[in-house]
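Working notes for the structure below.
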Amino acid sequence: MNIPSELKYTKDHEWVKIEGDTATVGITDFAQSELGDIVYVEVETLDETLGKDEVFGTVEAVKTVSDLFLPLSGEIIAFNEGLEDNPEDVNSDPYGKGWMIKIKISDSSEIDSLLSEADYKELVGA
């Protein structure tokens, strides 16, 4: 299982890459393997400002649909449109081509509530 040390994580299995006041978000390798083959990613919250833990979209796999939860409060400023034609990128490259959204962070103090690599490994038993 791939859990990059430079990223932050949530208990809902999202990863977060912080770059200044922008965060890139996707689902973890663990999450995509639990979901199975991903067939659709839906994000209808582009250009909206949402609070931490609000639903920003859904990911649909062959057997299930799961909500995606915002790891930090902020405005959703980008959606990975490549996922519209290639949702399987979430399975094959969850930390690269499979990223989902970018957020303009509105409360940087929330970053402290995210999990470290070690905390996330403990959560998933890795």
Side-chain angles (χ1 to χ4, degrees):
M1 183 182 341
N2 185 10
I3 303 175
S5 61
E6 71 275 10
L7 302 176
K8 298 287 189 182
Y9 300 90
T10 71
K11 291 182 172 86
D12 297 310
H13 307 288
E14 278 105 13
W15 60 263
V16 184
K17 181 178 183 181
I18 310 288
E19 297 171 293
D21 66 350
T22 302
T24 303
V25 179
I27 64 169
T28 65
D29 189 33
F30 174 84
Q32 70 78 23
S33 68
E34 291 289 303
L35 287 168
D37 293 337
I38 293 173
V39 295
Y40 190 68
V41 178
E42 181 176 53
V43 174
E44 293 185 344
T45 50
L46 187 61
D47 300 323
E48 291 184 25
T49 299
L50 300 174
K52 181 180 187 300
D53 297 327
E54 285 192 68
V55 174
F56 72 83
T58 56
V59 61
E60 184 177 341
V62 173
K63 298 178 187 171
T64 188
V65 176
S66 293
D67 286 335
L68 298 166
F69 299 97
L70 204 62
L72 300 166
S73 299
E75 179 185 358
I76 298 174
I77 57 173
F79 167 64
N80 181 355
E81 294 180 5
L83 297 179
E84 291 178 349
D85 293 327
N86 300 297
E88 65 276 4
D89 285 348
V90 175
N91 292 115
S92 62
D93 190 11
Y95 303 111
K97 290 193 302 185
W99 69 274
M100 294 182 176
I101 61 167
K102 291 185 186 280
I103 309 165
K104 182 168 179 48
I105 301 167
S106 59
D107 183 355
S108 60
S109 70
E110 292 176 346
I111 295 169
D112 295 337
S113 68
L114 297 173
L115 303 175
S116 67
E117 169 200 21
D119 294 335
Y120 188 69
K121 281 183 175 177
E122 187 176 320
L123 177 72
V124 298

**Worked verdict on Thr58 versus Glu42 for side-chain contact (heavy atoms from CB on, under 4.5 Å)** = CA-CA 5 Å; Thr58 56; Glu42 181 176 53; 3.6 Å; yes

**Message:** Nearest 0.5 angstrom please: Leu123 CG to Lys11 NZ, how far?
**Reply:** 7.5 Å

**Request:** Drop me the distance from Glu75's CD to Leu50's CG, to the nearest 0.5 angstrom.
**Result:** 9.5 Å

**Request:** Using the side-chain contact (heavy atoms from CB on, under 4.5 Å) rule, take Leu7 and Glu117 through it: C-alpha gap first, then chi angles, then the decisive distance, then the call.
**Result:** CA-CA 7 Å; Leu7 302 176; Glu117 169 200 21; over 6 Å; no

**Asked** Quick check: are there more than 12 heavy atoms from other residues, nucleotides or ligands sitting under 6.0 Å from NZ of Lys97?
**Response** no

**Request:** For residues Ile18 and Ala23, report the shortest heavy-atom separation together with the two atoms involved.
**Result:** CD1-CB, 4.1 Å

**Prompt:** In terms of heavy-atom contacts, does CD of Glu6 have more than 12 from other residues, nucleotides or ligands at under 6.0 Å?
**Reply:** yes

**Request:** For the residue pair Ile105 and Ile111, establish whether any side-chain heavy-atom pair is separated by less than 4.5 Å.
**Result:** yes

**Fill in**
Rounded to the nearest 0.5 angstrom, the NE2-CG distance for His13 and Leu68 is 12.5 Å

**Message:** Please determine whether side-chain contact (heavy atoms from CB on, under 4.5 Å) holds for the pair Val124 and Ile3, giving the CA-CA distance in whole Å, both sets of side-chain angles, and the decisive distance to 0.1 Å.
**Reply:** CA-CA 10 Å; Val124 298; Ile3 303 175; 4.2 Å; yes

**Prompt:** Between Asp37 (side chain) and Glu88 (backbone), is there a donor-acceptor pair under 3.5 Å?
**Reply:** no

**Asked** Is a side-chain donor or acceptor of Trp99 paired with a backbone partner of Lys17 at a separation under 3.5 angstrom?
**Response** no

**Rounded distance (nearest 0.5 Å) linking atom OG of Ser73 with atom CD of Glu54** = 8.0 Å

**Asked** What distance do Glu19 atom CD and Lys102 atom NZ have between them, rounded to the nearest 0.5 Å?
**Response** 6.0 Å

**Message:** With side-chain contact (heavy atoms from CB on, under 4.5 Å) as the test, pick out the partner of Asn91 among Ile38, Ile27, Val39.
**Reply:** Ile38

**Request:** May I ask you to test the Glu122-Leu115 pair for a side-chain heavy-atom distance under 4.5 Å?
**Result:** no

**Close side-chain approach of Lys52 to Ser113, heavy-atom, < 4.5 Å** = yes

**Ile103 and Val16, any side-chain heavy atoms less than 4.5 Å apart** = no

**Asked** Under 3.5 Å, is there a donor-acceptor pair between the side chain of Asp107 and the main chain of Ser109?
**Response** yes

**Request:** Verify, without hydrogens or angle tests, whether Ser116 (side chain) and Asp119 (backbone) share a donor-acceptor contact under 3.5 angstrom.
**Result:** yes

**Prompt:** Okay, side chain of Glu14, backbone of Phe69: is any donor-acceptor separation there less than 3.5 Å?
**Reply:** yes

**Request:** Locate the shortest heavy-atom distance separating Trp15 from Thr24; write the atom from each residue and the value.
**Result:** CZ3-O, 3.5 Å

**Prompt:** Is the Tyr9 ring parallel, tilted or perpendicular to the Tyr120 ring (thresholds 30°, 60°)?
**Reply:** parallel

**Message:** Does Glu48 have more than 12 heavy atoms from other residues, nucleotides or ligands lying within 6.0 Å of its CD?
**Reply:** yes

**Fill in**
Sorted by chain and residue number, the side chain to side chain donor-acceptor pair (under 3.5 Å) partners of Ser66 (sequence neighbours excluded) come out as none

**Asked** Does Asn86 use its side chain to pair, donor to acceptor, with the backbone of Asp89 at less than 3.5 Å?
**Response** no

**Message:** Please find the pair of heavy atoms, one from Tyr40 and one from Pro87, that lie closest to each other, and give the distance.
**Reply:** N-CB, 3.8 Å

**Message:** Donor-acceptor check, side chain of Tyr95 to backbone of Asp29, threshold 3.5 angstrom: yes or no?
**Reply:** yes

**Item:** Reference residue Leu70; test side-chain contact (heavy atoms from CB on, under 4.5 Å); the match among Val25, Ile76, Thr45, Val55
**Value:** Ile76

**Item:** Worked verdict on Val65 versus Glu60 for side-chain contact (heavy atoms from CB on, under 4.5 Å)
**Value:** CA-CA 4 Å; Val65 176; Glu60 184 177 341; 3.7 Å; yes

**Asked** Below 4.5 Å, heavy atoms only, C-beta onward: do Asn2 and Pro94 meet side chain to side chain?
**Response** no

**Request:** Measure the spacing between CE of Met1 and NZ of Lys121 and express it to the nearest 0.5 Å.
**Result:** 9.5 Å

**Request:** Could you check Thr64, Asp67, Leu83, Val41 and say which one makes a side-chain contact (heavy atoms from CB on, under 4.5 Å) with Val59?
**Result:** Val41

